[in-house]
Protein chains: 4
Amino acid sequence: MASVNKVILIGNLGKDPEVRHLEGGVAVARFPIATSETFKDKQGQRQERTEWHNIVLWRGLAEVAEKYLKKGNPVYIEGRLRTNNYQDKDGIQRYSTEIVADQMTMLGSRSDNGNGGGGNYQESSGSNSGANYSTSAPAGGNSGGASSFQNDEPDDLPF
Amino acid sequence: MASVNKVILIGNLGKDPEVRHLEGGVAVARFPIATSETFKDKQGQRQERTEWHNIVLWRGLAEVAEKYLKKGNPVYIEGRLRTNNYQDKDGIQRYSTEIVADQMTMLGSRSDNGNGGGGNYQESSGSNSGANYSTSAPAGGNSGGASSFQNDEPDDLPF
Amino acid sequence: MASVNKVILIGNLGKDPEVRHLEGGVAVARFPIATSETFKDKQGQRQERTEWHNIVLWRGLAEVAEKYLKKGNPVYIEGRLRTNNYQDKDGIQRYSTEIVADQMTMLGSRSDNGNGGGGNYQESSGSNSGANYSTSAPAGGNSGGASSFQNDEPDDLPF
Amino acid sequence: MASVNKVILIGNLGKDPEVRHLEGGVAVARFPIATSETFKDKQGQRQERTEWHNIVLWRGLAEVAEKYLKKGNPVYIEGRLRTNNYQDKDGIQRYSTEIVADQMTMLGSRSDNGNGGGGNYQESSGSNSGANYSTSAPAGGNSGGASSFQNDEPDDLPF
DNA sequence: TTTT
DNA sequence: TTTT
């Protein structure tokens, strides 16, 4: 059966994004976000548990993160789970689970992030590859242009 | 095949909640929230379209809404779609689609909603009915107690 | 604050898709899907309530629906809520809420839909407009090519 | 800001569930599910990548899994991410990310899972603890009774 | 108007 | 280790 792999998170950045610009101009950003839940333990005491999530953004989303996101900012992230395995420096097999973002929305008011209180950003999809990705999400600057939505349909159709 | 009916919204209240207290002490709150998306029209002009969603909350969630939510506040709502049909005053059959909330999270900073920047609230579930619902989400006041999470499992199990 | 408008449904088609091919080659498909939930009423009797959702798909998704979906088939739909208002033939203002699909996944085994048990399909996004949309989701036929995922990133990067 | 931690998966069980019954009668079930996505590599070749997710279910959900789920079965899982760290037998610090399920829906037709094609199951929530949890999700058998929904509201209210 |  |  076909499958679905979707994650939806709202949390705050634990660090500023780390951004790498790969050969070919592709950007990758990474940062952790925290979510926390409170619950009562057996003694009825309120407890809090914080969960940390490793977020990865590519291309346009990475560039938006680089420009606008800072430690502490609240974000909405929609993406998919991905577990990588690798050998650490001691040759030990390790696993690392991250969330590859498809969509990122900046939450919070002006005072939270100094950017006017929000914006939606989205991974490109379809067969866009390398070169022409820059069309749908300009590599060189997102001066408004990257706030694109997935609104492809003609908006003035007669129904 | 079994089914899923889930809605996830982040938006701002268009009005203060309207709250009714039914006989039996059950509370119901209703308010609209707006989401907006921007897109480019055929002329490449940036356009915005706002969508309005009718939110319905029951019991504990309704009481939280009554106490803490105001017009303009940003919220995260998770719920399910429900379309009611009814006859209006002229006897005309009409349809109305609303989102019945299962979970509500107040977003925004202190300055947004004057309540300290957030809180998660959740519908009770299971076979709780009438009387003992009040245990899991007291009808008479949610002074902290309603910030319950769905953390049922013992937290100190050995794995 | 930026907003989110997301719907996730799993249900069965109540009818075969109705597909229109607009001038310009754009396809639009519509069909209802049913979700149902069971609950116990006050007398402890098991009750079932069925909800009907109006699904709209555009372009490539519409073409996939046209080719592969039939009444009764189970589908996973991810999309956004949209409420249209219009005047009916008697000049009465009416509202209609539909789910505009961004993603569609056919569920069920071979015996359910006669197509091999699944497939993921996704709306294109970004600033693709008119002409070059056909690249990412060919208008003239989805012979396998429309099973595209939102996997844009190079897959062999060193991390 | 308040947070959200939500995962939605549709996939197939890689193994039969492993179920433990803890002292106190609490059940825990674990199993991996696979999701897969296809994409085109740089050479335009269709590639498939499978992701494995560790699912954990508690109490009633665990018991349903024990009774009805088998290797290969398709399921819908809704839950939250949780990363545990622990020392392995060599004293090495390791991390393991799992999805703690809040909701589980069996997908597939009769032929897929031999149980009649579906059913929705849900974690209890609220302040149910120990003893009275068994009310909402009987430990001793889910003979139909566990198919509970989160439908708490009176269903015959005048709106 | 679906599915169980 | 699943499914197609």
Side-chain angles (χ1 to χ4, degrees), chain A residues 1-5 83 85 95, chain B residues 1-5 83 85 95, chain C residues 9-18 30-39 46-55 65 68-77 105-121 144 147 149, chain D residues 9-18 30-39 46-55 65 68-77 98 105-121 144 146-147 149:
Chain A
M1 184 176 293
S3 57
V4 170
N5 174 357
T83 298
N85 60 347
Y95 296 87
Chain B
M1 184 176 293
S3 58
V4 170
N5 174 0
T83 298
N85 61 347
Y95 297 87
Chain C
L9 300 171
I10 294 177
N12 298 276
L13 276 76
K15 296 181 185 174
D16 286 352
E18 286 181 11
R30 291 170 184 275
F31 54 79
I33 72 170
T35 59
S36 58
E37 49 178 319
T38 56
F39 59 94
R46 177 168 295 223
Q47 299 287 347
E48 178 168 332
R49 180 183 159 103
T50 296
E51 204 64 48
W52 288 98
H53 310 272
N54 298 312
I55 309 299
Y68 298 114
L69 289 182
K70 294 246 167 322
K71 176 176 172 175
N73 286 170
V75 283
Y76 168 92
I77 294 282
T105 297
M106 290 154 52
L107 302 174
S109 56
R110 205 177 301 264
S111 57
D112 285 319
N113 52 26
N115 79 83
N120 289 275
Y121 304 94
S147 305
F149 285 80
Chain D
L9 300 172
I10 294 177
N12 298 276
L13 276 76
K15 297 181 185 173
D16 287 351
E18 287 181 11
R30 291 171 183 275
F31 54 79
I33 72 169
T35 59
S36 58
E37 50 179 318
T38 55
F39 58 95
R46 178 166 295 221
Q47 299 285 349
E48 179 168 330
R49 179 183 160 104
T50 295
E51 205 63 48
W52 288 98
H53 311 273
N54 298 313
I55 310 299
Y68 297 115
L69 290 182
K70 293 244 166 329
K71 177 176 173 174
N73 285 171
V75 283
Y76 169 91
I77 295 282
E98 59 195 22
T105 296
M106 290 154 51
L107 303 174
S109 56
R110 207 176 297 265
S111 57
D112 284 319
N113 52 25
N115 79 83
N120 289 275
Y121 304 95
S147 307
F149 285 81

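Order of the sequence lines fixes the chain letters, A, B, ..., with proteins taken first and strands second; residue numbering starts at 1 for each chain. Quantities reported herein were computed from a predicted structural model and do not represent experimental measurements.
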> For D/T50, which contact category applies under a 4.0 Å heavy-atom criterion: base, sugar-phosphate, or nothing?
Replying inline: base
>> Without decimals, in angstroms, what is the distance between D/F31 CZ and F/dT3 P?
In response: 14 Å
> From E/dT3, F/dT1, E/dT1, pick the nucleotide closest to the side chain of D/W52?
Replying inline: F/dT1
>> What is the separation between atom CG on C/L107 and atom P on F/dT3, rounded to the nearest whole Å?
In response: 16 Å
> Rounded to whole angstroms, how far apart are CG on D/N12 and P on F/dT3?
Replying inline: 6 Å
> Quick one: side-chain contact (heavy atoms from CB on, under 4.5 Å) partners of D/K15, sequence neighbours excluded?
Replying inline: D/P32
>> Can you measure B/M1 atom CE to E/dT3 atom C1' for me and round it to whole angstrom units?
In response: 9 Å
> In whole Å, what is the span from the CG atom of D/N73 to the C1' atom of F/dT2?
Replying inline: 10 Å
> For the pair made of CD1 in C/I33 and P in E/dT4, what is the distance, rounded to whole Å?
Replying inline: 15 Å
>> So C/N54 and C/R30, do their side chains get closer than 4.5 Å, heavy atoms only?
In response: no
>> List the residues meeting side-chain contact (heavy atoms from CB on, under 4.5 Å) with C/K70, not counting sequence neighbours, and say none if there are none.
In response: C/D16, C/N73
> Tell me: CE of C/M106 to C1' of E/dT3, nearest whole Å?
Replying inline: 17 Å
> Want to settle it: does C/N54 or C/E48 sit nearer the 5' end of DNA chain E, counting the closest nucleotide to each?
Replying inline: C/N54
> Given side chains that start at C-beta, do those of D/T105 and C/I10 come closer than 4.5 Å, heavy atoms only?
Replying inline: no
> When the distance from CG of A/N5 to P of F/dT4 is rounded to whole Å, what number comes out?
Replying inline: 19 Å
